Amino acid sequence: MAKADAPDLLNHEGLRIAERDPVNDEYTYGRGKDELRPIEIEAGVLNRADGSAYLEWGENKVLAATYGPRECHPRRDQDPAEAVVRVTYNMAPFSVSDRTRPGPSRRDREIGKVTSEALEPAVLTQLYPGAAIDVFIEIIEAEAGTRCAGLTAASVSMADAGIPMKGLVTSCAAGKIEDDVVLDLSREEDFHGEADLPIAVVPKTGDVVLLQMDGDLSADEFDEAIDKAYEACYDIHDLQKQALVDRYQGSATNGGNR
Amino acid sequence: MAKADAPDLLNHEGLRIAERDPVNDEYTYGRGKDELRPIEIEAGVLNRADGSAYLEWGENKVLAATYGPRECHPRRDQDPAEAVVRVTYNMAPFSVSDRTRPGPSRRDREIGKVTSEALEPAVLTQLYPGAAIDVFIEIIEAEAGTRCAGLTAASVSMADAGIPMKGLVTSCAAGKIEDDVVLDLSREEDFHGEADLPIAVVPKTGDVVLLQMDGDLSADEFDEAIDKAYEACYDIHDLQKQALVDRYQGSATNGGNR
Amino acid sequence: MAKADAPDLLNHEGLRIAERDPVNDEYTYGRGKDELRPIEIEAGVLNRADGSAYLEWGENKVLAATYGPRECHPRRDQDPAEAVVRVTYNMAPFSVSDRTRPGPSRRDREIGKVTSEALEPAVLTQLYPGAAIDVFIEIIEAEAGTRCAGLTAASVSMADAGIPMKGLVTSCAAGKIEDDVVLDLSREEDFHGEADLPIAVVPKTGDVVLLQMDGDLSADEFDEAIDKAYEACYDIHDLQKQALVDRYQGSATNGGNR
Amino acid sequence: MSDDVVSDIQRQYLVDLADKGRRFDDRGLDEYRDVSIETDVINQAEGSAHVRLGGTEVYCGVKMEMGDPYSDSPNQGVITTTAERNQMASPDFEGGPPRGPSVEVSRVIDRGIRESDAVPLESLCIEPGEKCWVVYLDVHCVDFDGNLFDAGSLGLLAALMTAQIPNHRHDLGEPEPLEIRSQPIMTTAVKIGDEILFDPTDLEEKVSSPRISVSTDEHGRIRAAQKSLAGGFQPEEIQETIRRSRRKAEELRSNVLETVKK
Amino acid sequence: MSDDVVSDIQRQYLVDLADKGRRFDDRGLDEYRDVSIETDVINQAEGSAHVRLGGTEVYCGVKMEMGDPYSDSPNQGVITTTAERNQMASPDFEGGPPRGPSVEVSRVIDRGIRESDAVPLESLCIEPGEKCWVVYLDVHCVDFDGNLFDAGSLGLLAALMTAQIPNHRHDLGEPEPLEIRSQPIMTTAVKIGDEILFDPTDLEEKVSSPRISVSTDEHGRIRAAQKSLAGGFQPEEIQETIRRSRRKAEELRSNVLETVKK
Amino acid sequence: MSDDVVSDIQRQYLVDLADKGRRFDDRGLDEYRDVSIETDVINQAEGSAHVRLGGTEVYCGVKMEMGDPYSDSPNQGVITTTAERNQMASPDFEGGPPRGPSVEVSRVIDRGIRESDAVPLESLCIEPGEKCWVVYLDVHCVDFDGNLFDAGSLGLLAALMTAQIPNHRHDLGEPEPLEIRSQPIMTTAVKIGDEILFDPTDLEEKVSSPRISVSTDEHGRIRAAQKSLAGGFQPEEIQETIRRSRRKAEELRSNVLETVKK
């Protein structure tokens, strides 16, 4: 995936781009290889949804809302034995550089599918046979790693809605830039890098419930990337839990982050 | 909305365009500011519909048909407490200067929605809980003021179908041309004029059940436009009633107008 | 329909094109006016479908599958008095010279409709009130006469599924080239010829259950074309029956033709 | 008759009548219902016609726009035919995207006109490979009592025969009539019991009978045909129907089409 | 309140309150809920705003791309407005293609901006007949408690007022602000019982009451209006509401819009 | 097995078997079903393959048309991949617009080919910024018994390896083979109980087991991966599966792909 006209993704000290000045097209370096972009999570930010969360991750801005358990329409989606978890993942038209048409794209629908398959294993679905748990993820602004951000927010919104779960689901990616495996690719790194590997984990059980990868990795690099992303999920898990604690201890001021 | 290359919309006597010679692009004047274009209404013109009406209004040619009360499909449209009035408003592909694709456009769907909201208040919907009253408006040829023509015809078709109603619904527009508020804009006036304000009235109750406006009006001009259109609705109401009388007294010859 | 740059469709001996060398654009002649292209049929070629058939006819390659009788979704398709026969006719995107978009085109939907109307008369539909018999026809490669090939295969797939029928349905076309009525047009003949007339017959009853025609035929030519195609259907009927016999006597090696 | 399904009693009644050479509306087996055609009913269209065929009523419009020829036929214009089964026209007609029956009627009417070369595509060329006329033929059914094929075909032909090419709108000179090379007439029949009945009503089309539509040009040549609906015909029935279709087409041509002003 | 249908008891309660000049959330009849606007919230957009109007929350974005002008207006750019009723925002909002209510809100918000010439289309011309700016206005509702018309209109106006034309992305020089010729404010009211209430909540919009939205520019002129939902107004009620709408628009203009940085 | 839902008893049976290192069709855990590939089966396509993988059967086609390059990659051609879950292939496959599972299979197969640069996009450039080859890759599944990912990927690779660029159709000279820079092989496994099983059948994919697909090139490098379906893997299970996937890919490469004539 290496492309021409790429900026240096690592400087001479092995540090990554931290910021880009769009006017002069100059870069500031400072992020370490195993360092996440800044993440902030707030639970319970919407009025109508049964549960919700707002998340900023680098320049990603994401809202997630959960409705349910509720009646499942259309009926062909119903499972008589358990609740179904349905995820709608959608990019706002203004969230990316080139305006997108309203409504889920094919990419959005694939991400919605694998996200629902990542969330469902953590839900005690057998408690609500025939019901639907509907999760809506809206990407308000996209940088890179939107599926990880969306999934991480979605899980918080489900907990906020009181959905009985074995545990939260947490997502993070690792990738490869200039032959180094690093954590959590930014926009420039995603564009010019050599591989991206987003995963999601249920920290309570240790299960990897989402994994996608494209690019070019040796088997060892693949292992290393999994390990890095896996470990980071446990750090992000702490942020998710704190957001829920804040929500129920009232220490969050509504709209504080936004 | 004033555009270049506009013809004089009012002549030196303050009279409006009555006719246009398309070959020489010349105009004949003669219509007064408060004068409607010619309107003809005929009820009961279709065989299959439960009720129908044909209406010519200037160069507008409109058919309306009512089916119902009948079973409501799909079920999500049902209201257990009363009948729902559903309106499909559609322009024939050849009805306008540039051929339109078959099927309702976004404009058509908006007009369908506000038309159903204008008709429903006049219907004794609580008599038919769970049922649907389906109204179809087809614009065979369009000049200007098609939503008024369609709504006026639709109401006659509902009466012809025997739908129990508090009263007929009647629609007419006023507008502004060359700084004058006038009644019932024609094609040239709509195109070159400064504002258009269609309304619909239930003459029995005096309620305004549809109102849309775009352009540029002072508050006083707005009042004047409402008054003009409101008054005209009562005149058109007489034509609607006469069409129904003719229909049931058999004085109309089927197909007379068409 | 005669077009410029047509090759000679009949040679001096009155024989038709048998083969075309695409590189040198040269033609070999040899097919007689009443001669069919080579046809091979195999029944029971798919695992999942209740019945299936594979058919090669000239360069046409066709698969047909039958599911049913089974529950009929959506309910609006149901007939309380008998089973409905629903046919989905579809061209694979790579089956024709210019790649087609996936999913049935308008042409495909018309052929699906007339094919279902051709198959239904042969089925004892009253045995399965409310049920659906779903037939899928996939054109893997198209030469000319795909609707005849598809219908002929579909009928074998229904028999293979054990659908109770009065008899098989068989389809074949006749056409006109260089003022001669001939059997079973090939690609060049269809493109440069003057008329095409596909029919389908229930050989058991003699009923013509599909007929389409376009081009230019005198009444006598029309009669002649019907007669030719009608007679050929009885020959093709023998091939259909043999395919079913082979299937149930196990003499066919699965995948033999493909 | 607001139901798609016809009862066995109704079917048997129609069959019994047909056996005696009769129909429930007292027409003869070959007899068409009253036909009226009015042209130039829509000023916004280049050509138009309003057709009543018994209880079936259609508006037909011809619109012409300037467009690009297809790259594989640079010297030809383009014709597109659409026949809408508007929900207004019958309680049986569905909304939403067109399903089989709507697609079929569009395509059969289109073939009737296209295959007979009624409007030669080369006559629609403006500048080879650059500009051509795109002709939209729309059949808009507002009341339906069967035999939309014939009503729509007749209306479109009348609309085409009276259409004016809008040269003036594109600085190409005066409006002029479209070139009409042939005048195909479609006639439709159903088989009820053992009898062939022309110009079927909605009820007659519903009694599980097969239907056949045949398009004939002014030289008596067959240009298009389509069997549809349930059941089948014996081959000799088809051949006989073809001959009767040609006669009916000739009748319609002289009785009805001649009233259309050139 | 996850149900589209409101009970008679709830309706009567709201009517009784309105009779006494009160509302269930203790607001005055003309009183708006708290409004907050934050702009420049989305770096990927040329302009953006985040609006909270009581329990209704929208993100608005302005995106500008280079495109072709329409052939009949070679000197003008293009504006396209879409307002999404995302399922996230309310249990009543449906997925799938937009139905009547979604289409209406898009078109009414669009007319409010277009008819007042807020962004002059000629100012979007880059090269006459060749290139122009295509401006996409998107309203993305994420939480819904009524009055999407006003929240969306206000947010789009704020987004437009702070938008920067991305000249630099097309070698046309430095970014520069969009020309804003007028600042239309939409105000919406419903009639409950015999009273007119501004800025309705979702519940107030559901009690079978008629609604009227009026767009007023900074000169107090009416640029667009739309009555919707069930029921009707007496003409004098409309005329009175128009006057109150103009006052509310002026208030919103000085209290809220002034906080938007130019 | 015409039902989407698998009973608890069936699930338990498969788990018990897997515990003993066995499968219901007596295969080993790493064992693929019989694979056959036939190429050049469709004359109308530039390349084609017919693949049987046990009870799963697909036709794959490569079609090439001349088109316009994207403005942001003037030196590259375009590849589009579509995998259809035709209703013919399984009673579980739905008609209508593609839903999640169909979209996923298209996109995963596409990534397997695209990310490994199997067909270098620059090799599809005809005239920079003006003309390029648009390559349509279509997977047409006609019989489905699980593991469409591997069957489709293998078929497309075989079709690409035998495809001929149709230069002659555009006066660009003789047909010539497509440039194939890498040969990615996708291998898919599911976890049942605590065991990893390769090349799952439809039943094995349905027992609420997680699935993982890995695309490996001829240098043993991982080019794409996708976990899907219910449940999850422990990280060491993934790392172990990756290693087994690479071995299986190597086997398929030498046993199956080598039979494809160049």
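This one's a predicted model, so the numbers in the text were calculated from it and none came from an experiment. Within every chain, numbering begins at 1; the chains are lettered A, B, ... in the order of the sequence lines, protein sequences first and strands thereafter.
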Residue among S90(F), G55(F), S36(F) with most heavy-atom pairs under 4.5 Å to chain C = S90(F)
Yes or no on side chain to side chain contact (heavy atoms under 4.5 Å, CB included) for T188(F) and D199(F), after CA distance, side-chain angles and deciding distance?
-> CA-CA 6 Å; T188(F) 293; D199(F) 183 27; over 6 Å; no
A92(C), A64(C), P104(C): which one forms the most heavy-atom pairs within less than 4.5 Å of chain F?
-> A92(C)
Are a donor atom and an acceptor atom from the side chains of Y89(C) and T146(C) found within less than 3.5 Å of each other?
-> yes
Honestly, the part of D50(C) sitting under 4.5 Å from a heavy atom of chain F is neither
Check each atom of R101(C) against the heavy atoms of chain F and say whether the ones under 4.5 Å are side chain, backbone, both or neither.
-> neither
Side chain, backbone, both or neither: which part of E84(F) has a heavy atom under 4.5 Å from chain C?
-> side chain
Strictly by modelled atom types, are H73(C) and Q78(C) linked by a side-chain donor-acceptor pair under 3.5 Å?
-> no
Contact class of S97(C) relative to chain F, heavy atoms under 4.5 angstrom | both
State, without any angle test, whether H140(F) and E138(C) hold a side-chain donor-acceptor pair at a distance under 3.5 Å.
-> yes
Just checking, is any N or O donor in the side chain of R211(F) or Q226(F) under 3.5 Å from an acceptor N or O on the other one?
-> no
Which atoms of E59(C) approach chain F - backbone, side chain, both or neither, heavy atom under 4.5 Å = side chain
Between F24(F) and Y13(F), is the ring centre distance below 6.0 Å?
-> no
